[in-house]
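Scroll down for the structure; my scribbles are underneath it.
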Amino acid sequence: MDREEVKKHRLEIVKLDCESIYIGNLYTVDTDLQLPSKGKHGSSITWESKEILFLSHTGKVTRPTHGVGNRIVPLVATVTFEGESLQRTFDVTVLEEEYKAEIVEVYPVEVQTIAGIKPELPTVVVVRNDTGSRTVSHVSWEPLERESYQKTGAFTIKGKLGETGWQAEAKVTVMTDADEMIPHTPKVYAFGGQSVQLEADTEFGAAMNRSLEYLLSVDDDQMLYNFRAAAHLDVKGAKPMTGWDAPECNLKGHTTGHYLSALALAYSATGGNSAIKDKMDYMIAELGRCQNIMSELPGYHQGFLSAYSEDQFNLLEEYSTYPTIWAPYYTLHKIMAGLLDCYTLAGNKNALVMCIRLGDWVYRRLSQLSKEQRQKMWSLYIAGEFGGMNEVLTNLYLITQNRNYLAAAKYFDNEKLFFPMKENMDTLGDMHANQHIPQIIGALKLFEAEGEKAYYEAAKNFWHMVTEDHAYQIGGVGETEMFKEPGKIAAYLTDKTAETCASYNMLKLTKELFCFEPKKEYMDYYERTLYNHILATENSKRAEGGSTYFLPLAPGSCKKFDTHENTCCHGTGLENHFKYQESIYFHDQDNLFVNLYIPSTLSWKEKGITVSQKRNRGEFTETVQFFVDGGEELSIRFRVPEWAAERSITVKINDEIVAVPGQADGYIQIQKVWEHDKVELIFPYSLRLVSAPDDPRIKSVLYGPYVLAAIHEEQDFIAWPYSEEQFVERMKKSEGDLHFTLDGTRFVPLYQIQDQRYHAYFRFAE
């Protein structure tokens with residue numbers, strides 16, 4: 001090679017090694033980083049921290065003291081190969097230390113049991129700290145005398161809270177019959193998949209089609225790389241996965257699980273795309289081959305399938321912490337959920353067989369551990385995170401009726417979460433949001449299986465706490481992945497708000513709760529989060545499969561789309577845009593519920609009815625048209641959105657204005673024999689301001705269901721010198737149905753913003 005070719009070769013090596021550096025999840029760092037000194041292709045790597053007080057040049061982390069706040073530290077890698085160098089800067093968010101709170105109150109416990117049955121006392125109690133917040137503390141109860149619960153009546157028992165000196169007290173009521181089970185059949189069911197088709201020329205249809213284009217471009221062999229490597233199979237020349245799925249990362253395999261779910265969802269949402277089915281069938285066949293081979297390898301057990309060996313599970317049982325291991329059951333959940341989706345949504349029977357084998361593996365492993373061991377494992381931060389293992393195992397039970405899977409699902413009961421939620425006490429502050437939302441979904445699924453009241457109460461109470469006291473105006477929750485204290489919204493408007501995974505799971509929980517109790521409040525939240533968070537998470541310029549990890553809400557924020565890092569939110573992002581149609585329409589035997597006003601077509605084959613939904617926007621109005629073809633008497637219930645509830649809604653049937661029909665539980669109800677009919681709902685749009693609960697000066701701007709963001713480079717709050725009335729009066733409609741201007745500043749729906757800096761909250765005078 002001549003000199004220029006040699007230089008080009010060296011630069012290519014430097015570039016490859018620079019791009020392939022992986023040093024873990026840098027969004028929420030609380031432990032030392034392992035910084036590589038060598039690149040994959042032979043280059044050397046040196047490191048420089050720009051703030052050594054919190055992060056040394058060697059990766060040692062010193063967390064800021066509580067009250068100082070998190071620190072974003074630039075960490076620069078210099079990659080050198082034979083005289084050629086490149087630099088890459090990583091932004092490391094070092095979390096502040098937790099406050100060492102002091103207990104000031106222990107809340108009493110009440111337990112019920114049936115005479116002759118030993119009462120189950122919780123392993124935790126709720127306490128109040130000197131900060132005013134509630135949390136949980138582990139408790140050790142006095143031994144129970146058998147005679148105490150043999151006959152009806154009540155007695156108390158005391159317990160100790162570790163080394164704190166505090167005591168707990170439980171009142172045990174012994175009854176002849178305990179009301180622990182309640183009816184657990186869903187009242188309504190969602191239409192999804194092939195029953196509902198989106199209109200392609202809407203923002204929702206366009207997002208789905210971009211995701212479809214991306215899925216069709218994915219290299220399946222790359223998605224299989226880590227699994228084949230773990231099974232000692234040929235990787236067929238594929239490139240290694242990157243980011244959180246890189247071969248050196250302990251979370252590898254999770255994206256492939258999401259990919260399976262995305263393929264199944266895409267197949268269902270598109271009415272059976274054959275190219276998607278071919279990809280899915282290939283993935284299942286090759287993963288099945290990996291599973292068969294792994295079952296015969298030394299150190300593996302029958303049915304195991306993962307992108308790594310069983311070592312992470314062994315280390316978890318020894319209580320190893322992150323980053324030595326990284327949430328092995330979390331990754332396993334993604335794989336099992338993907339397999340089950342391929343069966344339930346796309347009919348791949350081999351996927352069910354593989355999932356059953358994994359379910360057997362989980363049951364055999366966890367049934368050998370004590371409850372105390374399991375609880376200690378699940379309490380480990382990150383290492384013990386298990387996603388929705390309780391949900392997928394319960395789903396496996398509902399399909400197979402094998403009670404081993406139900407037992408295995410209950411092995412994941414997390415009393416630190418379930419007990420206070422059942423008691424309706426908000427202990428969520430400083431808990432990892434997306435670690436716990438899937439656990440609550442699993443609790444609701446366990447309720448569906450057997451009707452145990454405590455699971456339902458925990459799920460319902462949790463939903464109300466989160467949506468009423470922990471959600472930003474866009475519906476998203478969490479800051480640096482964590483719940484904060486109730487009502488703390490303005491205090492945490494940062495560049496790491498609203499993790500996309502958390503909204504993915506909150507919508508899943510909301511949909512399931514609506515099935516058991518079809519109240520409009522669930523779908524009001526669903527609409528708010530779908531329109532303003534999920535729809536805003538993808539790059540609408542390119543079909544690149546990227547997703548926002550966080551949706552920043554700090555003044556002057558800018559979105560970042562994760563395309564190569566393969567974070568958790570990249571995984572859920574693969575699925576998100578195939579789920580728009582799954583909560584538009586619900587039904588029971590005699591009613592059709594219209595919950596979302598998204599242009600689409602529903603085919604209710606059992607009733608012989610087709611409903612086509614269209615949308616037209618006018619000046620401060622939205623007209624939604626429904627063309628109903630059928631021949632059967634049916635009640636159609638149209639949700640009255642929260643943003644239109646206090647205004648005049650116009651209803652037309654076959655082009656004639658009618659008196660607004662009687663509303664039942666927030667739904668306009670029209671009952672008739674449907675033949676070839678048109679229903680029009682004309683909703684008034686209005687501008688309104690909503691204050692943050694912890695600072696009435698900080699407000700967001702809404703127009704109809706949309707959160708409006710101001711496009712502005714300023715990175716401090718835009719302070720408006722107007723009253724609310726003056727602000728609304730001065731806002732002028734501009735180009736686009738949903739666009740406004742005020743004093744030269746453009747306001748557009750948050751979902752329409754791509755690479756501009758924006759403001760979603762503003763400061764107003766008191």
Side-chain angles (χ1 to χ4, degrees), residues 12-13 15-24 36 38-43 214-264 275-301 303-313 325-326 328 330-332 334-336 338-339 342 348 350-351 354-355 357-358 361 544-545 562-568 570-571 574:
E12 183 63 26
I13 287 176
K15 182 182 177 183
L16 288 171
D17 280 353
C18 212
E19 290 175 347
S20 65
I21 293 174
Y22 173 75
I23 52 176
K38 294 289 184 183
K40 291 182 178 180
H41 299 86
S43 60
Y214 173 74
L215 285 190
L216 291 170
S217 75
V218 169
D219 181 354
D220 296 329
D221 289 320
Q222 186 179 28
M223 281 287 181
L224 291 163
Y225 181 98
N226 289 317
F227 291 85
R228 284 172 170 157
H232 308 309
L233 289 169
D234 179 15
V235 297
K236 298 190 175 183
K239 292 181 179 179
M241 296 286 284
T242 57
W244 291 18
D245 256 290
E248 60 269 29
C249 179
N250 285 330
L251 204 69
K252 58 191 174 189
H254 76 112
T255 300
T256 302
H258 283 295
Y259 180 59
L260 292 177
S261 290
L263 290 172
I276 288 291
K277 188 175 190 304
D278 289 344
K279 290 170 75 70
M280 178 185 63
D281 290 346
Y282 177 74
M283 290 292 299
I284 295 300
E286 291 301 305
L287 287 170
R289 186 173 171 227
C290 292
Q291 186 179 41
N292 290 336
I293 291 175
M294 284 183 176
S295 295
E296 304 303 323
L297 291 175
Y300 292 76
H301 295 84
F304 180 72
L305 173 65
S306 189
Y308 43 76
S309 71
E310 294 190 31
D311 287 346
Q312 282 208 60
F313 297 90
I325 61 173
W326 189 349
Y330 173 95
T331 304
L332 190 67
K334 308 312 167 201
I335 297 167
M336 292 183 69
L339 292 171
C342 287
N348 190 303
N350 290 332
M354 293 166 63
C355 194
R357 295 182 70 194
L358 271 170
W361 181 88
E544 60 183 10
D562 162 26
T563 54
H564 302 293
E565 197 173 352
N566 284 319
T567 65
C568 50
H570 175 80
L574 296 177

Item to check | Any side-chain heavy-atom pair of L574 and Y214 under 4.5 Å | outcome: yes
Item to check | Side-chain donor or acceptor of E310 paired with backbone N/O of H301 under 3.5 Å | outcome: yes
Checklist entry - CE of M336 to CG of L305: how many Å apart, nearest 0.5 Å? => result 10.0 Å
Next on the checklist: Using a 3.5 Å distance criterion without hydrogens, assess whether the side chain of H570 forms a donor-acceptor pair with backbone atoms of D562.
Outcome noted: yes
Checklist entry - Is it true that a side-chain atom of E544 and a backbone atom of T563 form a donor plus acceptor pair closer than 3.5 Å? => result no
Next on the checklist: Please tell me whether F313 and W361 form a close aromatic pair, meaning their ring centres lie under 6.0 Å apart.
Outcome noted: yes
Item to check | By side chain to side chain contact (heavy atoms under 4.5 Å, CB included) - contacts of A275 (at least two apart) | outcome: L216, N273
Checklist entry - In Å, rounded to the nearest 0.5 Å, how long is the span from CG of N348 to CE of M280? => result 5.5 Å
Checklist entry - So, Q222 side chain and A238 main chain: donor-acceptor pair closer than 3.5 Å or not? => result no
Checklist entry - Nearest heavy-atom pair of H232 and L297: which atoms, and what distance? => result CD2-CD1, 3.8 Å
Checklist entry - Are Y330 and L251 close enough, and set up right, to give a side chain to side chain contact (heavy atoms under 4.5 Å, CB included), and what steps lead you there? => result CA-CA 8 Å; Y330 173 95; L251 204 69; 4.0 Å; yes
Checklist entry - Step by step, would you call K239 with D219 a side chain to side chain contact (heavy atoms under 4.5 Å, CB included)? => result CA-CA 9 Å; K239 292 181 179 179; D219 181 354; 6.0 Å; no
Next on the checklist: Ring-plane angle category for H254 and W244, please: parallel below 30°, perpendicular beyond 60°, tilted otherwise.
Outcome noted: tilted
Checklist outcome for this item: Heavy atoms of N226 and P247 approach each other most closely as OD1-CA, 3.8 Å
Next on the checklist: When you compare the side chain of Y308 with that of N250, does any pair of heavy atoms fall below 4.5 Å?
Outcome noted: no
Checklist outcome for this item: When K279, H258, M283 are each screened for side-chain contact (heavy atoms from CB on, under 4.5 Å) with M223, the one that passes is M283
Item to check | Nearest heavy atoms of L233 and I293, plus distance in Å | outcome: CD2-CD1, 3.3 Å
Item to check | Minimum-distance pair of heavy atoms, taken over all atoms of S20 and K40 | outcome: OG-CD, 3.9 Å
Item to check | Any donor-acceptor pair under 3.5 Å from T331 side chain to G253 backbone | outcome: no
Next on the checklist: When you compare the side chain of L263 with that of C342, does any pair of heavy atoms fall below 4.5 Å?
Outcome noted: no
Checklist outcome for this item: Heavy-atom nearest pair, L332 first then L358, reads CD1-CD2, 3.7 Å
Checklist outcome for this item: Shortest non-hydrogen pair, A230 vs S306, comes out as CB-O, 4.1 Å
Checklist entry - Judged by modelled atom types alone, do D245 and Y22 share a side-chain donor-acceptor pair under 3.5 Å? => result no
Next on the checklist: I need the R289 CZ to F227 CZ distance, nearest 0.5 Å.
Outcome noted: 15.0 Å
Checklist entry - If we only count heavy atoms from C-beta on, is the I335 to M354 side-chain gap below 4.5 Å? => result no
Next on the checklist: Can you tell me how far apart CZ (R357) and OG (S295) are? Round to the nearest 0.5 Å.
Outcome noted: 4.0 Å
Checklist entry - Would E12 and K15 pass as an ion pair if we require N to O under 4.0 Å? => result no
Next on the checklist: How long is the straight-line distance from SG of C290 back to CG of L224, given to the nearest 0.5 Å?
Outcome noted: 6.5 Å
Item to check | Gap separating the NZ atom of K252 from the OH atom of Y225, nearest 0.5 angstrom | outcome: 9.0 Å
Next on the checklist: Could you tell me if the side chain of R228 sits less than 4.5 Å from the side chain of D221, heavy atoms only?
Outcome noted: yes
Next on the checklist: Working note: D281 + N350, criterion side chain to side chain contact (heavy atoms under 4.5 Å, CB included); need CA distance, chi angles, decisive distance, verdict.
Outcome noted: CA-CA 9 Å; D281 290 346; N350 290 332; over 6 Å; no
